A.B. asks: 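Just dropping this structure here.
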Amino acid sequence: MKLIKVRKRSGQRVNYDREKIFNAIAGANRDASTPADKLSDDDLELVTDSVERAIADNEVIGVEAIQDQVEKSLMAHGFFDVAKQFIIYRQKHSQRRDAQKKLMDTYRDIFFADSVDIDLKRDNANINTDASMGIMLKLGAESAKYFVDNYVLPEEFAQADKENWIHIHEKSWRSAVTC
């Protein structure tokens, strides 16, 4: 086997670890709809081996390419329900990465934008978000909103809020307590 490095989304290269592939497949397997859809230990090994054979000719391979191959291998072996769970897992994690990126962009704006240039820093007339204490309060409020959206609210409510079907007033303060 030639594969020795995996390129993470950050660009960092780490040593290849077969166990991570196995664990990812096992995680999707745990979420399979019915016991009949679940893979046996031998099936888990079979799919992991199949993924390894498919990616073995690469010295370096990206995480996304490995995950694509996991999906293909699961489907090639007829494990469609587990493949579906794996796809859902990938989608949820992609959405969380996007949300984290948005939070970091918001932090950048809070730290470096002047309040006359950005609405985010003017949403509460009682807080001077150009002052240190105002920045700290705003960072906390935006973090609380992120937490509520991603870990407290049921997914359908978070999505409805995001798409402006509903509005949750003062989500950063009250929602964490009342949800």
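For the numbers below, each heavy atom of this structure counts, side chains included, while hydrogens, waters and symmetry mates do not. All values derive from a computational prediction rather than experimental measurement.
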A.B. asks: Show me the donor-acceptor pairs, under 3.5 Å and distance only, between side chains in residues 73-86 and residues at least two apart or in other chains.
C.D. replies:
| from | atom 1 | to | atom 2 | distance (Å) |
| --- | --- | --- | --- | --- |
| Ser73 | OG | Ser50 | OG | 3.2 |
| Ser73 | OG | Gln69 | O | 3.1 |
| Ser73 | OG | Gln69 | NE2 | 3.2 |
| His77 | ND1 | Ser73 | O | 2.8 |
| Asp81 | OD1 | Ser33 | OG | 3.1 |
| Asp81 | OD2 | Ser33 | N | 2.6 |
| Asp81 | OD2 | Ser33 | OG | 3.4 |

A.B. asks: Enter the distance from Lys162:NZ to Asp149:CG here, rounded to the nearest 0.5 Å.
C.D. replies: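 Between atom NZ of Lys162 and atom CG of Asp149 there are 9.0 Å.
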
A.B. asks: Looking at Arg97, I want to see if its CZ is surrounded by more than 12 non-hydrogen atoms of other residues, nucleotides or ligands under 6.0 Å.
C.D. replies: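 Yes - once you tally the heavy atoms of other residues, nucleotides and ligands closer than 6.0 Å, there are more than 12.
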
A.B. asks: Roughly how far, to the nearest 0.5 Å, is OG1 of Thr48 from CZ of Arg53?
C.D. replies: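 If we round to the nearest 0.5 Å, Arg53:CZ and Thr48:OG1 are 10.5 Å apart.
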
A.B. asks: What about Ile88 and Tyr151, same hydrophobic cluster or not, with Ile/Leu/Val/Met/Phe/Trp/Tyr joined at side-chain heavy-atom distances under 4.5 Å?
C.D. replies: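 Ile88 and Tyr151: separate clusters.
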
A.B. asks: I need the Lys92 NZ to Asn150 CG distance, nearest 0.5 Å.
C.D. replies: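 The CG atom of Asn150 is 12.0 Å from NZ of Lys92, to the nearest 0.5 Å.
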
A.B. asks: Enter the distance from Arg7:CZ to Asn58:CG here, rounded to the nearest 0.5 Å.
C.D. replies: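 Reported to 0.5 Å precision, the distance equals 9.0 Å.
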
A.B. asks: Starting from Leu153, can I reach Trp165 by hopping between I/L/V/M/F/W/Y residues whose side chains sit under 4.5 Å apart?
C.D. replies: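 No: no chain of side-chain contacts under 4.5 Å links Trp165 to Leu153.
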
A.B. asks: Does Asp105 pair with Lys101 as a salt bridge, N-O distance under 4.0 Å?
C.D. replies: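 Looking at Lys101 together with Asp105, the answer is yes, because their closest N to O distance falls below 4.0 Å.
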
A.B. asks: Do Glu163 and Gln159 pair up side chain to side chain, a donor and an acceptor below 3.5 Å, judged on atom types alone?
C.D. replies: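 Side-chain D/A pair, Glu163 to Gln159: present.
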
A.B. asks: Apply side chain to side chain contact (heavy atoms under 4.5 Å, CB included) to the pair Val14 and Lys8, showing each step before the final yes or no.
C.D. replies: CA-CA 7 Å; Val14 297; Lys8 297 173 77 170; 3.6 Å; yes

A.B. asks: When you measure from the side chain of Ser143 to the backbone N and O of Leu139, does any donor-acceptor pair fall under 3.5 Å?
C.D. replies: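 Flag set: sc Ser143 to bb Leu139 pair under 3.5 Å.
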
A.B. asks: Hey, quick one: are Val70 and Ile87 part of the same hydrophobic cluster, counting side-chain heavy atoms closer than 4.5 Å, chains of contacts allowed?
C.D. replies: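 Unlinked, Val70 and Ile87 end up in two clusters.
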
A.B. asks: Are any of the side-chain heavy atoms of Arg9 and Val63 separated by less than 4.5 Å?
C.D. replies: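 Contact flag for Arg9/Val63 side chains = yes.
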
A.B. asks: Could you tell me if Gln67 and Tyr89 have a donor-acceptor pair between their side chains, going purely by distance under 3.5 Å?
C.D. replies: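 Judged by distance alone, the side chains do not pair up.
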
A.B. asks: Measure the shortest side-chain to side-chain distance between Asp41 and Leu44 over non-hydrogen atoms and say whether it is less than 4.5 angstrom.
C.D. replies: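 When only atoms from C-beta onward are counted, Leu44 and Asp41 do touch, with a gap below 4.5 Å.
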
A.B. asks: Do Asn15 and Lys5 touch side chain to side chain, with heavy atoms closer than 4.5 Å?
C.D. replies: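 Result yes, sub-4.5 Å side-chain heavy-atom pair found.
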
A.B. asks: For the side-chain contact (heavy atoms from CB on, under 4.5 Å) test, which of Ile4, Ile55, Val60 pairs with Tyr16?
C.D. replies: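 It is Ile55; the other options fail the test.
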
A.B. asks: Taking only residues at least two apart or on different chains, which pairs with a member in residues 23-38 satisfy salt bridge (charged side-chain N to carboxylate O under 4.0 Å, His left out)?
C.D. replies: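 Counting only pairs at least two positions apart or across chains, no salt bridge (charged side-chain N to carboxylate O under 4.0 Å, His left out) contact touches residues 23-38.
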
A.B. asks: Is it the case that more than 12 heavy atoms not belonging to Gln95 sit under 6.0 Å from its CD atom?
C.D. replies: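 Yes.
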
A.B. asks: For Asp43, what residues pass the salt bridge (charged side-chain N to carboxylate O under 4.0 Å, His left out) criterion, not counting sequence neighbours?
C.D. replies: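 Expected list: none.
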
A.B. asks: Between CZ of Arg96 and CG of Leu103, what distance do you get to the nearest 0.5 Å?
C.D. replies: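 These two atoms lie 13.5 Å from each other.
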
A.B. asks: Taking 4.0 angstrom as the limit, do Asp49 and Arg18 come out as a salt bridge?
C.D. replies: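 Here Asp49 pairs with Arg18 in a salt bridge, since their nearest N and O are under 4.0 Å apart.
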
A.B. asks: Assess whether atom CZ of Phe157 is packed by more than 12 heavy atoms of other residues, nucleotides or ligands within 6.0 Å.
C.D. replies: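 Open.
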
A.B. asks: When you group the ILVMFWY residues by side-chain heavy-atom contacts below 4.5 Å and let the links chain together, are Leu39 and Leu46 in the same group?
C.D. replies: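 In one cluster: no.
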
